[in-house]
**Student:** 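For reference, the structure I am asking about is given below.
Heavy atoms only: backbone and side chains are in, while hydrogens, waters and symmetry mates are out. A quick note: this is a predicted structure, and the numbers were derived from the prediction, not measured.
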Number of protein chains: 2
Amino acid sequence: MVETGGDRGSGAIRRLPSAVPPRATIEMVARHCGVSRQTISNAINAPDRLRPATLHKVLQAIEELGYRPSHAARSLRTHATNVIGCRLLPSSHSGTGGVLDGWFHALCAAARSGGYDVLAFAAATDDEEIEVYDDLLRRRAVDGIILTNTHYLDPRPAWLLQHEVPFVAFGRPWGSANATHSWVDVDGASGTADAVRHLADLGHTRIGFLGLNKGSGVCDDRFQGWASAMRALGLATTGLVGRAEDGIASGRALTEKLLDGPRPPTGLVCVSDSMAVGAIRAVEDRGWIAGRDLAIVGFDDSPIASLLRPSLSSVRQPIVAVAGELVSELIAELSGVKRRPSRILRAPRLIVRESSGDRLSTPEITAFDEAPGPSHSVLARRSHFDTKSQQTPERIKKKGA
Amino acid sequence: MVETGGDRGSGAIRRLPSAVPPRATIEMVARHCGVSRQTISNAINAPDRLRPATLHKVLQAIEELGYRPSHAARSLRTHATNVIGCRLLPSSHSGTGGVLDGWFHALCAAARSGGYDVLAFAAATDDEEIEVYDDLLRRRAVDGIILTNTHYLDPRPAWLLQHEVPFVAFGRPWGSANATHSWVDVDGASGTADAVRHLADLGHTRIGFLGLNKGSGVCDDRFQGWASAMRALGLATTGLVGRAEDGIASGRALTEKLLDGPRPPTGLVCVSDSMAVGAIRAVEDRGWIAGRDLAIVGFDDSPIASLLRPSLSSVRQPIVAVAGELVSELIAELSGVKRRPSRILRAPRLIVRESSGDRLSTPEITAFDEAPGPSHSVLARRSHFDTKSQQTPERIKKKGA
DNA sequence: CTAGCGATTTTGAACGTTCATATGCAATAC
DNA sequence: GTATTGCATATGAACGTTCAAAATCGCTAG
């Protein structure tokens with residue numbers, strides 16, 4: 001009402017006295033306690049250079065004035081932004097609901113506690129993502145990048161390497177064995193192998209695998225875990241594999257085909273929860289019950305897994321831990337010390353629910369990541385074929401130059 | 001192998017000639033085409049001040065050198081960061097899976113096409129969130145904030161107002177009718193009213209409501225939609241309401257109680273999909289089928305809704321549109337023109353699936369949001385959204401002072 | 001008493017922009 | 001021919017830090 005008249009304020013009454021203190025600069029702090037700018041700067045960046053008495057005085061003044069170094073000024077001077085860039089995958093990507101949701105949250109938390117902020121951006125394609133990288137880097141808005149969703153023929157790592165951008169990938173450099181960048185990944189093979197052994201323990205011998213079409217590194221990895229576990233158990237694998245693109249419809253169709261085939265599986269390990277949901281659908285179509293007539297294990301432990309009826313056994317990725325490692329690796333990279341790229345593989349954990357037929361434990365809802373305690377109850381008797389240990393991340397030494 | 005010896009590089013051979021051009025500054029561009037700094041600056045920020053010939057020359061040089069203004073330098077000088085801060089809710093928050101996932105993605109996309117970047121951060125509590133605000137603002141790392149998940153007695157809007165931080169809220173200022181900030185929200189009442197009418201159309205007369213305990217603005221809103229639609233239809237409402245904290249267990253328990261009560265509902269409108277899932281559980285417990293023996297409608301259309309069996313009818317929020325409006329409102333706010341706060345309410349849309357008993361449409365999977373439509377994404381960086389949204393949202397006039 | 005030294009603090013410059021102002025130049029007005 | 005205007009471009013300063021180097025202080029040693 002009152003201010004309808006003029007548009008550009010004549011600048012008189014505008015701001016009330018207001019509780020907002022003028023934002024403190026380093027100069028103001030300096031004057032406030034009678035020392036020079038640089039001393040304030042040192043108090044923050046190299047406190048050991050100050051006499052204890054001075055340090056105390058300065059810190060108190062900083063506190064009093066609520067001073068924080070201006071991001072822009074500092075970053076202009078130091079050429080470091082303390083910001084990490086990370087692409088958000090299109091939400092459709094995680095078909096069965098947000099797993100990456102929790103991962104990203106953990107990523108932000110880890111970054112912040114390491115003194116970094118996360119700049120999030122959306123991109124629909126790899127090329128678009130590269131364009132954003134280019135923009136962010138030219139404007140010097142980020143120090144480094146967290147790369148997600150690596151795949152065969154991925155143009156992004158090469159681009160980043162060529163432009164000497166510090167980055168760490170979530171996901172192995174599929175297809176380029178001697179990549180020179182750091183990455184963190186989840187050992188899918190170990191997850192599917194666990195799933196196979198779990199089903200074998202329950203008495204299954206014909207355990208199938210529902211995977212993606214050739215060309216997915218993630219699926220190859222998980223397939224390989226299935227295959228080697230089957231081999232190790234002396235189980236035949238022919239006629240037990242179905243492949244298609246990811247999705248519920250695919251899962252349903254593939255399952256039908258396998259069940260109608262010459263060697264119908266009694267258990268099924270799936271490359272994703274979407275596939276597993278499809279498998280459950282197919283089972284329901286015949287009036288069967290998942291977990292009784294066909295044992296099904298998914299992958300990802302997406303939020304739906306525990307909501308489905310019967311609930312879905314699934315392999316859970318340690319996404320919080322992975323997020324933390326991605327951040328600390330990137331920060332290490334940014335610290336400038338030249339080191340050989342690290343390659344970190346983390347083991348996932350099978351969450352047993354109803355769909356695999358083991359009725360022992362059917363938790364209604366499970367926490368999103370590893371529970372703090374040693375809750376490995378169900379798999380008490382871990383049959384160990386290979387040496388993959390559960391908790392310690394496996395570090396693979398760089399092989400070739 | 002080769003580089004096993006020394007650790008700190010002696011700094012000789014390290015970098016190959018490399019395809020990385022030295023990052024261009026405004027000075028370099030200026031020299032490159034024989035004009036002054038300021039002319040380059042003008043070419044970017046006020047192109048109409050240049051003679052066409054000069055402009056052309058400069059733009060070409062910019063292109064050639066791949067110049068982009070340094071974020072830090074520009075932001076130091078202009079006191080604007082072109083960055084928006086936004087808190088990520090803990091992943092557990094969206095019980096049934098990532099709805100906010102898609103919202104956040106849309107937010108980032110909208111921001112970028114408006115010339116802004118999004119700084120994401122995690123916070124567990126409101127107080128922690130305020131601490132992060134304080135940090136970000138003191139360091140001048142963001143220009144403004146997108147606030148999510150508003151609720152009664154929310155300390156955040158007050159804090160932001162007091163500190164004169166530009167912000168827009170996703171969610172109404174529950175409990176403070178004459179709040180002076182802008183917000184965007186989804187008209188929950190309209191959603192539940194739609195749900196009620198849908199069920200009434202199917203012949204139901206005893207339509208219940210599963211809500212949260214008193215004190216949730218979101219629930220009050222949705223409840224109110226249910227209540228007024230019932231009243232408008234001349235249906236009695238007594239004995240048809242259950243309240244508890246959100247969750248599947250709650251939904252199940254409440255449903256049981258209602259079904260065992262004196263006036264068992266034949267239809268149920270739920271405040272959330274979690275509640276609805278609980279309701280489905282309760283129905284299953286009695287060997288009933290949702291949609292046949294009890295009609296159920298959820299709220300949020302979370303990813304599971306279409307995956308459940310029977311699939312869950314649910315009210316879908318136009319999260320992409322909301323994200324876009326939040327961003328454009330905030331940008332308007334940041335443009336500095338004093339305007340009365342805008343309050344935007346958008347209508348959600350009921351997605352009918354099996355659980356409500358209307359077998360007419362049972363899409364397997366539905367797209368996440370309204371079709372994109374004539375997207376404003378083409379706008380060049382730094383330009384602001386000019387006109388208010390394309391879809392004509394419903395605007396509520398500011399009432400009180 | 002003074003030189004010398006390390007610890008502490010200060011000073012001037014620079015980071016890369018944009019703002020405010022000044023200059024140059026061409027066209028118009030007197 | 002000179003003053004007046006308006007447009008196009010250039011110059012100096014400033015934004016708020018940290019870096020590099022210089023200055024000062026407090027001691028110990030000669």
**Student:** Scan nucleotides 19-28 of chain C against the protein and return all N/O pairs shorter than 3.5 Å with their distances rounded to 0.1 Å.
**Tutor:**
{"residue": "C/dC19", "atom": "N4", "partner": "B/Gln38", "partner atom": "OE1", "Å": "2.5"}

**Student:** Going by the rule side chain to side chain donor-acceptor pair (under 3.5 Å), which residues pair with B/Thr81 if we only count those two or more places apart in sequence or in a different chain?
**Tutor:**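 So B/Thr81 forms a side chain to side chain donor-acceptor pair (under 3.5 Å) with B/Asp143.
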
**Student:** At a heavy-atom distance below 4.0 Å, which nucleotide of DNA chain D is the first touched by chain B, and which is the last?
**Tutor:**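 Contact span on the strand: D/dA8 to D/dG16.
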
**Student:** Base, sugar-phosphate, or nothing for B/Thr54, non-hydrogen atoms under 4.0 angstrom?
**Tutor:**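 The residue B/Thr54 makes sugar-phosphate contact but no base contact.
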
**Student:** Looking at B/Asp126 and B/Pro155, would you say the former's side chain and the latter's main chain have a donor-acceptor pair under 3.5 Å?
**Tutor:**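 No, because the side chain of B/Asp126 does not come within donor-acceptor range (under 3.5 Å) of the backbone of B/Pro155.
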
**Student:** Please classify the nucleic acid contact of B/Arg68 as base, sugar-phosphate, or nothing, using heavy-atom distances under 4.0 Å.
**Tutor:**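 Result for B/Arg68 = sugar-phosphate.
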
**Student:** What does the inter-axis angle of the helix from C/dC1-D/dG30 to C/dC30-D/dG1 come out as, five pairs per end, nearest 10 degrees?
**Tutor:**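 Rounded to the nearest 10 degrees, the bend comes out at 70°.
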
**Student:** Indicate, with a heavy-atom threshold strictly under 4.0 Å, whether A/Thr25 touches base, sugar-phosphate, or nothing.
**Tutor:**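 Touches sugar-phosphate only.
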
**Student:** Not counting sequence neighbours, which residues clear ring pair (Phe, Tyr, Trp, His ring centres under 6.0 Å) with A/Tyr116? List them please.
**Tutor:**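 By the ring pair (Phe, Tyr, Trp, His ring centres under 6.0 Å) rule, A/Tyr116 matches no residue at all.
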
**Student:** Need to verify one output field. Residue with the more 5' nearest nucleotide on DNA chain D, B/His79 or B/Ser36?
**Tutor:**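 Between the two, 5'-proximity favours B/Ser36.
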
**Student:** Not counting sequence neighbours, which residues clear salt bridge (charged side-chain N to carboxylate O under 4.0 Å, His left out) with A/Arg49? List them please.
**Tutor:**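 In terms of salt bridge (charged side-chain N to carboxylate O under 4.0 Å, His left out), with neighbours along the sequence ignored, A/Arg49 is linked to no residue.
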
**Student:** Identify all side-chain donor-acceptor contacts of residues 55-66 of chain A below 3.5 Å with residues at least two apart in sequence or on another chain.
**Tutor:**
{"residue": "A/His56", "atom": "NE2", "partner": "A/Gln60", "partner atom": "OE1", "Å": "3.4"}
{"residue": "A/Glu64", "atom": "OE2", "partner": "A/His32", "partner atom": "NE2", "Å": "3.1"}

**Student:** Got a sec, which residues hit salt bridge (charged side-chain N to carboxylate O under 4.0 Å, His left out) with A/Arg51, two or more places apart in sequence or on another chain?
**Tutor:**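 Not a single residue meets the salt bridge (charged side-chain N to carboxylate O under 4.0 Å, His left out) criterion with A/Arg51.
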
**Student:** Donor-acceptor pairs under 3.5 Å, side chain of residues 127-137 of chain B to any protein atom, not counting sequence neighbours: which ones?
**Tutor:**
{"residue": "B/Glu128", "atom": "OE1", "partner": "B/Ala124", "partner atom": "N", "Å": "3.3"}
{"residue": "B/Glu129", "atom": "OE1", "partner": "B/Arg87", "partner atom": "NE", "Å": "3.4"}
{"residue": "B/Glu129", "atom": "OE1", "partner": "B/Arg87", "partner atom": "NH1", "Å": "2.4"}
{"residue": "B/Glu129", "atom": "OE1", "partner": "B/Arg156", "partner atom": "NH1", "Å": "3.0"}
{"residue": "B/Glu129", "atom": "OE2", "partner": "B/Tyr133", "partner atom": "OH", "Å": "2.3"}
{"residue": "B/Glu129", "atom": "OE2", "partner": "B/Arg156", "partner atom": "NH1", "Å": "3.1"}
{"residue": "B/Asp134", "atom": "OD1", "partner": "B/Arg138", "partner atom": "NH1", "Å": "2.7"}
{"residue": "B/Asp134", "atom": "OD2", "partner": "B/Arg138", "partner atom": "NH1", "Å": "2.5"}
{"residue": "B/Asp135", "atom": "OD2", "partner": "A/Arg112", "partner atom": "NH1", "Å": "3.2"}
{"residue": "B/Asp135", "atom": "OD2", "partner": "A/Arg112", "partner atom": "NH2", "Å": "3.1"}
{"residue": "B/Asp135", "atom": "OD2", "partner": "B/Arg139", "partner atom": "NH1", "Å": "2.8"}

**Student:** Can you name the residues that form a side chain to side chain donor-acceptor pair (under 3.5 Å) with A/Ser41, not counting sequence neighbours?
**Tutor:**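 Only A/Asn45 meet the side chain to side chain donor-acceptor pair (under 3.5 Å) criterion with A/Ser41.
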
**Student:** Tell me every residue that passes side chain to side chain donor-acceptor pair (under 3.5 Å) with A/Thr25, counting only those two or more places apart in sequence or in another chain.
**Tutor:**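 For A/Thr25, no residue satisfies side chain to side chain donor-acceptor pair (under 3.5 Å) once neighbours in sequence are set aside.
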
**Student:** Between C/dT8 and A/Arg51, is there an OP1 or OP2 to side-chain N/O distance shorter than 4.0 Å?
**Tutor:**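 No, A/Arg51 has no side-chain N/O under 4.0 Å of OP1/OP2 on C/dT8.
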
**Student:** Would you mind reading off the distance between A/Arg31 atom CZ and C/dT11 atom C1', rounded to a whole angstrom?
**Tutor:**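 Going from A/Arg31 (CZ) to C/dT11 (C1'), I get 16 Å.
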
**Student:** Holding to side chain to side chain donor-acceptor pair (under 3.5 Å), I want the full list of residues that pass it with B/Ser36, two or more places apart in sequence or in another chain.
**Tutor:**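 With sequence neighbours excluded, B/Ser36 shows a side chain to side chain donor-acceptor pair (under 3.5 Å) to B/Thr39, given in chain and number order.
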
**Student:** May I have the distance from A/Arg49 (atom CZ) to C/dG6 (atom P), rounded to whole angstrom?
**Tutor:**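 These atoms are roughly 16 Å apart.
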
**Student:** Just how far is it from atom CG of B/Leu326 to atom SG of B/Cys86, taken to the nearest 0.5 Å?
**Tutor:**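 Rounded to the nearest 0.5 Å, the CG-SG separation comes to 8.5 Å.
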
